[in-house]
Every structure is written in structure tokens, then in C-alpha cells.
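Worksheet for the structure shown next.
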2 protein chains.
Amino acid sequence: MVTTTMTETLTDSVQDYLKVIYELTENGEAASTTALATRLHIAPASATGMMQKLASAKAPLVEYRKHQGVKLTVKGKRAALEVIRHHRLIEAWLVQTLGYSWDEVHSEAEKLEHVISEEFEERIASAMGNPLRDPHGEPIPSADLVMPKDQGIALANLKSNQEARIQRVHAQDTDFLKHLEKLGLIIGARVKALEVSRYDQVMRIQLRGRKEAIALGPAITNRVFVEIL
Amino acid sequence: MVTTTMTETLTDSVQDYLKVIYELTENGEAASTTALATRLHIAPASATGMMQKLASAKAPLVEYRKHQGVKLTVKGKRAALEVIRHHRLIEAWLVQTLGYSWDEVHSEAEKLEHVISEEFEERIASAMGNPLRDPHGEPIPSADLVMPKDQGIALANLKSNQEARIQRVHAQDTDFLKHLEKLGLIIGARVKALEVSRYDQVMRIQLRGRKEAIALGPAITNRVFVEIL
DNA sequence: ATATTAATTTTGGTATACCTAAATTATTTT
DNA sequence: AAAATAATTTAGGTATACCAAAATTAATAT
């Protein structure tokens, strides 16, 4: 008996859709076509068209009801996690073996993630000792496509005088990441919340023994996560 | 004054065309659209259409006269060498840092060559100490896009009792390369021509102290090159 | 409940890069 | 120099993935 691994090939574009749907539906809610369009920098109409197509395939990647948004099917989720695993392994490996910095790796990984083979994935993963997180602290799905559960809490939710360690920065913008690095806000750094002033939307924290003030705008609030010590 | 590096982006498909045209025109002759089609596994008509398009651009990549074939313009040659440099650096690097064997690297490199940045090219090149040849002994164009001249001669042209070293194998087929490796016919191996029998198209050579017979078919004749000792 | 506004979907189009079949041009043979 | 053959080119068509504008549907406010 022969097992056909029939790994059908998805276009780069479809892989990008799946990746974004995965992120938008992590909270359990369906993703709207508009939200998809925004994230992918395409017109809403394009997203709608693609969802109709993906949902009407013989073995659909998404479940889609008009005006209700999309969710991934089991198959779609597997495909999305495969791409995310590629992306994060590549980022880790660009940093570890080619000396890239964490603010440079995203765009390179965006391109490479679509073209590497399973062989390549396996080789870089084992060369790095099967890392669990990428350079931004994002969890890397395992080879059998399980996403590790992440128990970090948002930096912005720390109470005064709580101490924690920076675990994950959910961002890819080069300048923003460079900015955080300059502050000392890097993965693994120890941080202590000093004062959380909800009036002026500023949080004062202690980093490498120095006081820093960070604005609690959308840039930070849902992007920096910590592990309480 | 600002220098705009206007590196326009070519599609993967166009890059593949240029690479093939480069190889077909290394002998100085123009490449026919049919030859292009054969190498690229497309219909002759598709090659013709693409040549018309590339030749009629504002700054054309090829020079094309109907029924006379195509040649690269200076601009086209630069673009072709850039892709070839990417391909060969990637092959070298897959072998050196990820333990790939020489018969596995071609297809992976075919995909990666189109998506890596100049930054990436530079990093892997310097990580390897700017290698001059890829794992098949093919010369790697320099960073300023000059192809090193290669003085090897065909293995099939060795005279009886001449000794040489295997310098370059111009092939990408996995099984063929595995076959050569099994014979001991690998880059750098020392070889001595014993008898060149033009009757039965067989050449007898000595490799690692053992006698081997190789058929002088199209598979070998223009594919294995040596440096005479 | 109706009107207004916002979100979504449909429609008709674009560009790329391929294809097959028919027509043309070039080359070779007689 | 014709005729036959081979190579090339043109013409018309496909699929993917995008777009803008119009039409529709859903949500919100009066």
C-alpha cells in the first residue's frame, strides 16, 4: 500500500490569505473580508472574491458565509500553520546564522516562506535545535503543526511594581522594532512597572536600571507581552 | 544629488528566460526561440511572445530579430548574471551550511534565487568567504557581475594517459549526479584517461585507482570538464 | 418603521504568462 | 526553381489575481 502525501501547492497569495485569517481568528471570531483586505493591502472586493473561491473548492480551506466573515477549515488551519512555521523558522535562522537583526528579518522571511521545501524546513529547524520561538518571541508551530499556547500578558496590563520579563513583541515594522531596541525593550529583558497613568496614557517602566516612559497607544498596547516573574 | 538605484523588478519567469538565454549564447551565437522553449518547457509560441515583449521595452533586455534569434543586451546580461550568481551562491551555501548533497541543491536554488535580497546575497557570500565556484564546479559571477573565465577542457577530449582533475560538471539531474558520485567522479577527483575508444563510444578512465568505463553519449560529452595536471 | 450610513458583494475590467491551432517564413531536397 | 519539410510567428483563448465602480445587504439612528 502506497501513501500518497498529495500536498497540493497553494499560491503565495493564498498562503498569505490563510496566514492573515489565522491571526484574525485566533480570538475565535470570524474574520471579515474588509479586515482581510486591510491587512493584505488589497481592495475589499478582491478579498470577497478569493473567499468565495476558496470556500467553494472540493476540499475547502475556509468556511465562509456572506456578511458573516470567514474561518479556516481544519485543512486551512494546517496550511496556515505550515506557512507560519516556515516564516518563524526562517526569521530565527536569519538571525542566528547570518547575523540579521530582529528588525530586518520580516520582509526577507515573507518572501522565503513561500518557496522553501519541507526538506529545507527540517534542515534549518534541526540545525537550530528545533527552536520554540522566533526572534520576536513568537511561538513556532511544531513540525506536526501544533501552535504552542502562549501565557504571556500584555505589558500594558502590568500593575505598579510588578516585575516581568519581555516575552514577545508582535510587530514587524523596522523602525518600531529599532525604537524598542533602543529603549532596551528586547526579548528576555527584565522590566518593572513603575506607574501606569491612564490619564495621559503613559506607562513608566524600569529597564536595565533606567526609567523609561512609553506611550500606551495602539503601537504598544497589544504588541508587547511579558511573563510575570 | 541623489542616485536612484532603480533596480526594476523582473518576474521569476523573465529571470528564467534571461538565465537560459545567457547559457545558450555563451558560444557567441544567438539563441533561437525554439531552443528557449525547449529549455524552459514551454511552447515555442510562448517564447516568441516573450522575446517580442522584452525586445520592445524602453530599455530592452534582449535584442531580437525574427527568425534570427535573441541575444542579451548589456542590461539583460547584467540581470542574467545576477540570477546566476544568486543560484550558485545558494547552491554552495546549501551544501556548506545545511549539509545538502550536490545532487539535491538545484531545485531548491531554482526557487530561492528569485526571492533573495542583495543583502542576503552579500551575507551568504561573505559567510562563505566569497567562493569562486559552486558545488558542481561552476564559476560564480563576482559581486560586480563579471563571470570568471573557465579554462577547463572536456573530459572526453583527454588523450590517452593524460592526467587531470575534475573541475566542473554541467548538470542538474539528481540521478545523473548521484551516478557520477558513485563512480567517484566528483569535483576535485583525480582522473587518468586510459583508452578513448571512438568505435564503441566508450572512454576508459582511472578513478581512485580503479578502472571505470564511461559512455561518451550526450550525457557526459559536454558536461564533464577537467583541468589538466 | 423608515431613513441614513456603513459594510459587503457583484459586475465588468486589467495585466501576466501561458496554451493550441493556423498561418507564415525559412531551409532543404529533388 | 519548385515542392516539401521544418521552424517560427500570429491569432485567439485560458487561468490567476488583482482593481474600481455600482448594486446590494446589514446595521444604526431617528
Side-chain angles (χ1 to χ4, degrees), chain A residues 7-21 24-25 27 29-72 76 79-80 83 110-111 113-115, chain B residues 8-21 24-25 27 29-71 76 79-80 83 110-111 113-115:
Chain A
T7 305
E8 20 178 339
T9 306
L10 308 176
T11 63
D12 291 9
S13 161
V14 169
Q15 292 182 0
D16 287 337
Y17 276 102
L18 297 177
K19 207 169 48 155
V20 170
I21 297 168
L24 291 173
T25 56
N27 58 8
E29 288 170 37
S32 73
T33 51
T34 309
L36 275 181
T38 304
R39 295 285 204 107
L40 291 166
H41 306 292
I42 58 174
S46 306
T48 300
M50 184 58 89
M51 289 312 99
Q52 291 171 337
K53 193 173 107 180
L54 294 184
S56 65
K58 319 102 249 160
L61 294 160
V62 302
E63 199 177 299
Y64 169 62
R65 281 164 45 223
K66 54 159 72 172
H67 297 283
Q68 306 306 127
V70 272
K71 290 188 170 186
L72 294 173
V83 182
E110 282 286 295
K111 295 178 294 176
E113 67 187 10
H114 302 300
V115 300
Chain B
E8 22 177 336
T9 307
L10 307 176
T11 62
D12 291 9
S13 162
V14 168
Q15 291 181 1
D16 288 337
Y17 275 103
L18 296 177
K19 207 169 48 156
V20 170
I21 296 168
L24 292 174
T25 56
N27 58 9
E29 287 169 38
S32 71
T33 50
T34 309
L36 275 181
T38 304
R39 295 286 203 106
L40 291 166
H41 306 292
I42 58 174
S46 305
T48 300
M50 184 59 88
M51 290 311 100
Q52 291 171 337
K53 194 174 106 178
L54 294 184
S56 64
K58 318 102 248 157
L61 294 161
V62 302
E63 198 176 301
Y64 169 61
R65 280 163 46 221
K66 53 159 75 174
H67 298 282
Q68 306 307 126
V70 272
K71 290 189 172 186
V83 183
E110 282 285 294
K111 295 178 295 176
E113 68 187 11
H114 301 300
V115 300

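- Heavy-atom distances under 4.0 Å link DNA chain D to A/Ala43, A/Ala45, A/Ser46, A/Met50 of residues 43-51 of chain A, given in residue order.
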Requested in this report: Please test A/Leu10 against A/Tyr17 for side-chain contact (heavy atoms from CB on, under 4.5 Å), starting from the C-alpha separation and ending with a verdict.
Outcome: CA-CA 11 Å; A/Leu10 308 176; A/Tyr17 276 102; over 6 Å; no
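- Out of C/dC18, C/dA17, D/dT9, the shortest distance to the side chain of B/Tyr17 is found at C/dC18.
- Note: NE2 (A/His67) to C1' (C/dA6) measures 12 Å, nearest angstrom.
- A/Lys53 has its NZ atom 17 Å from the C1' atom of C/dT9, to the nearest Å.
- The side chain of A/Ser13 lies closest to D/dC18 when the candidates are C/dC19, D/dT9, D/dC18.
- For A/Ile42 and D/dA17, the CD1 to P distance is 11 Å, given to the nearest whole Å.
- The side-chain heavy atoms of B/Leu54 and B/Tyr64, taken from C-beta on, include no pair separated by under 4.5 Å.
- Contact annotation: A/Thr11 reaches the phosphate of D/dA17 (side-chain N/O to OP1 or OP2, under 4.0 Å).
- Computed from coordinates, the B/Lys66 NZ to D/dA11 C1' distance equals 13 Å when rounded to whole Å.
- Close to D/dT9, at under 4.0 Å from its OP1 or OP2, lies a side-chain N or O of B/Thr33.
- Here the C1' atom of nucleotide C/dC18 and the CG atom of B/Asp12 are 15 Å apart, to the nearest Å.
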